[in-house]
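Okay, structure first, notes after.
What's counted below: heavy atoms across the whole structure, side chains too, no hydrogens, waters or symmetry copies. Small disclaimer: the values here were computed from a predicted structure and weren't measured.
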Amino acid sequence: MLICEVIGHVWATKKEPSLSGLKMMVVRELAPDYVPTDRTFVAADVVGAGIGERVLTVSGSTARKALGKDELAADAAIIGIIDSVETC
């Protein structure tokens with residue numbers, strides 16, 4: 001799992017049919033001190049995240065499982081919106 005920040009939307013009128021109906025968001029990975037990194041990627045959103053929110057993301061087969069379709073052409077998913085983080 002990665003902590004990321006949502007920084008944009010992706011609209012695609014033509015796409016792999018299995019992606020129809022999925023909300024796609026651009027996310028930027030955050031470093032452990034929550035400073036944005038240079039790593040950005042697109043993730044399917046299953047929780048209704050908005051721009052500027054910190055989110056939990058998963059990738060690979062875990063993302064497809066979160067999306068409920070093993071045959072889905074996606075390798076990243078937003079699975080949670082972070083309310084707060086506490087570290088020691």
Side-chain angles (χ1 to χ4, degrees):
M1 251 186 278
L2 294 173
I3 294 177
C4 296
E5 178 182 15
V6 179
I7 60 169
H9 296 274
V10 174
W11 287 273
T13 55
K14 292 191 176 196
K15 57 188 167 276
E16 156 62 36
S18 67
L19 298 175
S20 289
L22 289 177
K23 180 179 166 188
M24 306 301 267
M25 306 296 280
V26 180
V27 296
R28 178 175 34 220
E29 186 177 341
L30 299 177
D33 57 358
Y34 308 108
V35 172
T37 68
D38 291 335
R39 183 168 183 250
T40 61
F41 55 96
V42 175
D45 179 18
V46 297
V47 295
I51 292 176
E53 291 188 295
R54 290 182 181 168
V55 295
L56 292 173
T57 64
V58 292
S59 60
S61 62
T62 306
R64 289 185 292 279
K65 180 171 237 157
L67 295 165
K69 300 177 184 175
D70 286 336
E71 72 285 350
L72 193 65
D75 66 352
I78 297 170
I79 60 162
I81 299 171
I82 296 173
D83 295 315
S84 65
V85 177
E86 183 178 323
T87 59
C88 298

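Summarising the geometry of Ala63 relative to Ala77, their closest heavy-atom pair is CB-N, 3.7 Å, with the distance given to 0.1 Å. In plain terms, the two heavy atoms of Ala73 and Ser18 that are nearest each other are N-OG, 3.4 Å.
Rounding to the nearest 0.5 Å gives a distance of 10.5 Å between CD1 of Ile82 and CD of Glu5.
Atom NZ of Lys15 is surrounded by more than 12 heavy atoms from other residues, nucleotides or ligands within 6.0 Å.
The closest side-chain heavy-atom distance from Ile78 to Val46 is not below 4.5 Å.
Screening residues 72-82 for side chain to side chain donor-acceptor pair (under 3.5 Å), with sequence neighbours left out, gives no hits. Listed by first and then second residue, the salt bridge (charged side-chain N to carboxylate O under 4.0 Å, His left out) pairs involving residues 78-88 amount to none (not counting sequence neighbours). Applying the ring pair (Phe, Tyr, Trp, His ring centres under 6.0 Å) test to residues at least two apart or on different chains, the pairs with a partner in residues 6-56 are His9-Trp11.
A single hydrophobic cluster is seen to contain both Leu72 and Val47, as judged by linkage of ILVMFWY side chains at heavy-atom distances under 4.5 Å, directly or through other members.
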Could you pull out every donor-acceptor pair under 3.5 Å between side chains of residues 20-33 and any protein atom, sequence neighbours left out?
from: Ser20; atom 1: OG; to: Pro17; atom 2: O; distance (Å): 3.3
from: Lys23; atom 1: NZ; to: Asp45; atom 2: OD2; distance (Å): 3.3
from: Lys23; atom 1: NZ; to: Ala49; atom 2: O; distance (Å): 2.7
from: Glu29; atom 1: OE1; to: Arg39; atom 2: NH1; distance (Å): 2.9
from: Asp33; atom 1: OD1; to: Val35; atom 2: N; distance (Å): 3.3

Please tabulate, for side-chain N and O atoms in residues 52-62, each donor-acceptor pair with protein atoms closer than 3.5 Å (sequence neighbours left out).
from: Glu53; atom 1: OE1; to: Gly50; atom 2: N; distance (Å): 2.6
from: Thr57; atom 1: OG1; to: Leu2; atom 2: O; distance (Å): 3.4

